[in-house]
K.L.:
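Submitted below is the structure of interest, expressed as structure tokens.
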Amino acid sequence: GWTITDSDAEAGRIEAISYAGYIRFRDHVVVEVTPIDDGSTRVDMRSTSEVGVSDLGYNAKRIEEFLTAMGNVAG
């Protein structure tokens, strides 16, 4: 459900736009993947609202769902 706006495979970075709520506010999503010396991989993600004071929990829920899905793929 995200629209990829930029990606850099060498840097391990994806940027996207996602929409929240029935009004469909635009949120900016960034995922960065970094290899670790022990052979594991670190995944960092942030999701921020473009407008408004509160996102009503949409960004936190998006991150939680993404990281849970990543765990299910890896596990």
Side-chain angles (χ1 to χ4, degrees):
W2 300 353
T3 301
I4 303 296
T5 58
D6 191 26
S7 65
D8 183 338
E10 282 188 38
R13 182 179 174 99
I14 297 171
E15 296 184 26
I17 298 293
S18 183
Y19 295 90
Y22 63 92
I23 299 177
R24 308 219 2 113
F25 289 116
R26 286 171 44 115
D27 293 340
H28 297 273
V29 179
V30 178
V31 179
E32 295 175 317
V33 179
T34 306
I36 305 298
D37 290 338
D38 68 2
S40 63
T41 303
R42 177 180 168 149
V43 178
D44 293 297
M45 179 180 178
R46 67 180 174 272
S47 180
T48 58
S49 300
E50 189 173 279
V51 297
V53 175
S54 173
D55 67 353
L56 302 174
Y58 283 103
N59 288 309
K61 183 177 178 185
R62 179 179 299 115
I63 291 170
E64 182 179 314
E65 288 175 350
F66 179 81
L67 295 178
T68 296
M70 289 293 299
N72 289 337
V73 170

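Just so you know, these numbers use all the heavy atoms, side chains as well, and skip hydrogens, waters and symmetry mates. Since the model is a prediction, treat every value here as computed from it, not as a measurement.
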K.L.:
Check side-chain contact (heavy atoms from CB on, under 4.5 Å) between Arg46 and all other residues, then give those that pass, not counting sequence neighbours.
P.N.:
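With sequence neighbours excluded, Arg46 shows a side-chain contact (heavy atoms from CB on, under 4.5 Å) to Arg13, Val30, Glu32, given in chain and number order.
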K.L.:
Looking at Ser47 and Ile63, what are the two nearest heavy atoms and their distance?
P.N.:
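Closest heavy-atom pair between Ser47 and Ile63: N-CD1, 3.8 Å.
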K.L.:
Which heavy atom in Arg26 sits nearest to a heavy atom in Tyr19, and how many Å separate them?
P.N.:
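Minimum heavy-atom contact is CG-CE2, 3.2 Å.
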K.L.:
Is there a side-chain contact between Trp2 and Val29 in this structure, where contact means two heavy atoms from C-beta onward sitting under 4.5 Å apart?
P.N.:
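Touching, per the 4.5 Å side-chain cut-off.
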K.L.:
Return yes if some donor-acceptor pair links the side-chain N/O of Thr68 with the main-chain N/O of Glu64 below 3.5 Å, else return no.
P.N.:
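Pair found, side chain donor or acceptor close to backbone of Glu64.
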K.L.:
Does some side-chain heavy atom of Ile4 sit less than 4.5 Å from a side-chain heavy atom of Ile14?
P.N.:
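Sidechains of Ile4 and Ile14: in contact.
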K.L.:
Among residues at least two apart in sequence or on other chains, which ones pass side-chain contact (heavy atoms from CB on, under 4.5 Å) with Thr5?
P.N.:
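In terms of side-chain contact (heavy atoms from CB on, under 4.5 Å), with neighbours along the sequence ignored, Thr5 is linked to Glu15, Ile17.
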K.L.:
With a 3.5 Å cut-off and no angle check, do the side chains of Asp44 and Thr34 form a donor-acceptor pair?
P.N.:
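No - no donor-acceptor pair under 3.5 Å links their side chains.
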K.L.:
What do you reckon, is CG of Asp38 surrounded by more than 12 foreign heavy atoms closer than 6.0 Å?
P.N.:
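Count over threshold, so yes.
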K.L.:
For the residue pair Ser49 and Asn59, what are the closest heavy atoms and their distance?
P.N.:
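Where Ser49 meets Asn59 most closely, the heavy atoms are OG-ND2, 2.9 Å.
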